[in-house]
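Per chain, numbering begins at 1; letters A, B, ... match sequence-line order. Please read all numbers here as calculations on a predicted model, not as lab measurements.
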Amino acid sequence: MAKQTITTREKDYSQWYLDIVKEADLSDYSPVRGCMVIKPTGYAIWEMIQQGLDKRIKDTGHVNAYFPLFIPVSFLTKEAQHVEGFAPEVAVVTHHRLESDGKGGLVPAAPLDEPLVVRPTSEAIIGDSFSRWVQSWRDLPLLINQWANVVRWELRTRPFLRTAEFLWQEGHTAHTTHDEAEEETLKILHEVYSDFLENVMAIPVFKGQKTEKEKFAGALRTYAIEAMMQDGKALQAGTSHNLGQNFAKAFEIKFQGQNQNEIEYAWTTSWGVSTRLIGALIMAHSDDDGLVLPPRLAPTQAVIVPIYKTDDEKAATLAAAEQLKAAIGDKARVKIDARDNVTPGFKFNEWEVKGIPVRIEIGPRDVANQTVVLGRRDRPGKEGKRFVSWAELPEALPALLEEIQTALYDRAKAFRDAHVTDVASYAELAAAVETGFARAWWAGSREDEDKIQLELKATIRCIPLEADQPGGEGVCVLTGQPATQQVLFARSY
RNA sequence: CGGGAUGUAGCUCAGUUUGGCUAGAGCGUCCGCCUUGGGAGCGGAAGGCCGCAGGUUCGAGUCCUGUCAUCCCGACCA
């Protein structure tokens, strides 16, 4: 039987998460507090996320570029809301040389004329570039994305969910009108973020608008996708901001219009998702046996484990494995685990902990019968095992992978639906956020939100977009006033 | 930034209460044999500035002072 090295979700959800990260070999701690080493297994998942998003970003007309890591501190002060939001957590570079202190140590020696901020996000430095790139209406829209690392000196960190340094993509665009910027903001939310999470990561998301209290520092409006984790808490998985003309005014992004001599400020947007998505992935699908990867995202979709005793059997099973891998070709991403120094049982467990969607076993009996055993990760034990002939495998495997993909999405969706409660009173709201999301009519103020956060540790995650809004009118869950919109409350990561 | 805990082998930890001979275990690693359909077994070996600095003492992993770091919980977190 498997050694239990992973804390169960029921016993300690937070520890379970940390155990999965460790046992699946996704990341390692670093000598610097809050920073993280992303190990090859974890980085391979990030590369899959990058590929899927990069394609969608380019398909919607954007191009990649790269902007500097360092930002003059004065840039950050140009947009008042922005500086207020980020100042508490920026890392600052103040010197550029180390000299010996005479005792074997090194001390910073040469102060910079102007301190440099290590980017916590790039609206400022990109706004500065945009101010020079945009002169005419012909220069718009300007549709840029960058893949980069950013630093936010967080006080409390957790692997992938919140780290001092993290990897992300940030899109930055400039447009001629408010409506065009708004359209861009929503297009990213739907066609890039939501599409990728639901169809590739198999994570159902709520798409909605942030309240004034929760929106991005400096934005006109913020939209987000919110996912539910298995403990019923919310994780903001991606954001898309309509920045209005706030940053254009702060950074002088101006253009001359088509039919007039007047100079206008551009309308800009920004949007991003990060390595936090790996945290979302873990908490959406994994179980007490380890990581569970949705097939479309899995860097390796199936592992062939040969089983043998004698040299002859070894030769026969390995040859069969190679033959089957070749027959599958590019229909699935398959790896052969030919390691000779660990037992099949060890391999089974290792690939299970690492979340590989399908395991293919080939032993002497299978060679004789021209079959393999397929085991699916989302259904542990005998229940998920079945025999398939060699001839059927190249078709059966991709079909099984798609079946698992759908099953994972359906399972996550069913879980989420079962943990969203419509609430009509404060008592019901308080009870609902203990175990999941609460949907409520809302007409409260920002102060009312603060009060609920203080008392219930829950915030308004979003005001769901039309598709999820019932329309009509109701009664505010807190104030009893007439309300025209519903919101989702939850505790969040 | 507040509260709690921990720093001893690559990893997880025991030993510290009550100072005392050459600092231990399990896992992992290396070598050999044997094994392989759900984390095998036996034998052998390597591996330590006991976080760092100072102090008390005949003697410090253990007591005292200081310091650094990490982890967990909370507050904060576009």
Produce the list of close N/O pairs, under 3.5 Å, pairing protein atoms with atoms of nucleotides 30-35 of chain B; give distances to one decimal.
none

All N/O contacts under 3.5 Å from nucleotides 67-72 of chain B to the protein, with atom names and distances to one decimal?
| from | atom 1 | to | atom 2 | distance (Å) |
| --- | --- | --- | --- | --- |
| B:rU70 | OP1 | A:R33 | N | 2.6 |

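If you check distances only, the side chain of A:E350 never reaches the base of B:rG39 with a donor-acceptor pair under 3.5 Å.
Remark: the separation of the P atoms in B:rG59 and B:rC21 is 15 Å, to the nearest Å. Taking atom P on both nucleotides, B:rG41 is separated from B:rG48 by 27 Å, rounded to a whole Å. Separating the P atom of B:rC77 from that of B:rC13 is a span of 33 Å, rounded to the nearest Å. B:rA40 and B:rU35 have their C1' atoms separated by 7 Å, given to the nearest Å. Taking the P atoms as reference points, B:rG66 lies 23 Å from B:rC50, given to the whole Å. With both ends at atom P, the span from B:rA14 to B:rC31 equals 32 Å, rounded to whole Å. To the nearest whole angstrom, the two P atoms, one in B:rC27 and one in B:rU67, are 41 Å apart.
Counting only Watson-Crick and G-U wobble pairs whose two key distances fall under 3.5 Å, RNA chain B forms stems of three or more stacked pairs at B:1-7 with B:68-74, B:10-13 with B:24-27, B:29-33 with B:41-45, B:51-55 with B:63-67.
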Pair up each side-chain donor or acceptor in residues 21-28 of chain A with any protein partner under 3.5 Å, not counting sequence neighbours, and list the distances.
| from | atom 1 | to | atom 2 | distance (Å) |
| --- | --- | --- | --- | --- |
| A:E23 | OE1 | A:T5 | OG1 | 3.4 |
| A:D25 | OD1 | A:K39 | NZ | 2.7 |

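Each side-chain hydrogen bond (donor to acceptor under 3.5 Å, both in side chains) pair with one or both residues in residues 67-93 of chain A, not counting sequence neighbours, appears once here: A:S74-A:E114. Every pair tested for ring pair (Phe, Tyr, Trp, His ring centres under 6.0 Å) that includes a residue from residues 334-360 of chain A fails, sequence neighbours excluded, so the list is empty.
You'll find that the side chain of A:P344 is closest to B:rG37, out of B:rC1, B:rG37, B:rG38. Distances from the side chain of A:E352 to the nucleotides B:rC77, B:rG38, B:rG39 place B:rG38 closest. Side chain of A:Y308, nearest nucleotide from B:rU36, B:rC76, B:rA75: B:rU36. The listed nucleotides are B:rC76, B:rG38, B:rC77; the one nearest the side chain of A:K385 is B:rG38. Between B:rC77, B:rG37, B:rC76, one nucleotide has an atom nearer to the side chain of A:I307 than all others, and that is B:rG37.
No side-chain heavy atom of A:R376 sits under 4.5 Å from any side-chain heavy atom of A:R386.
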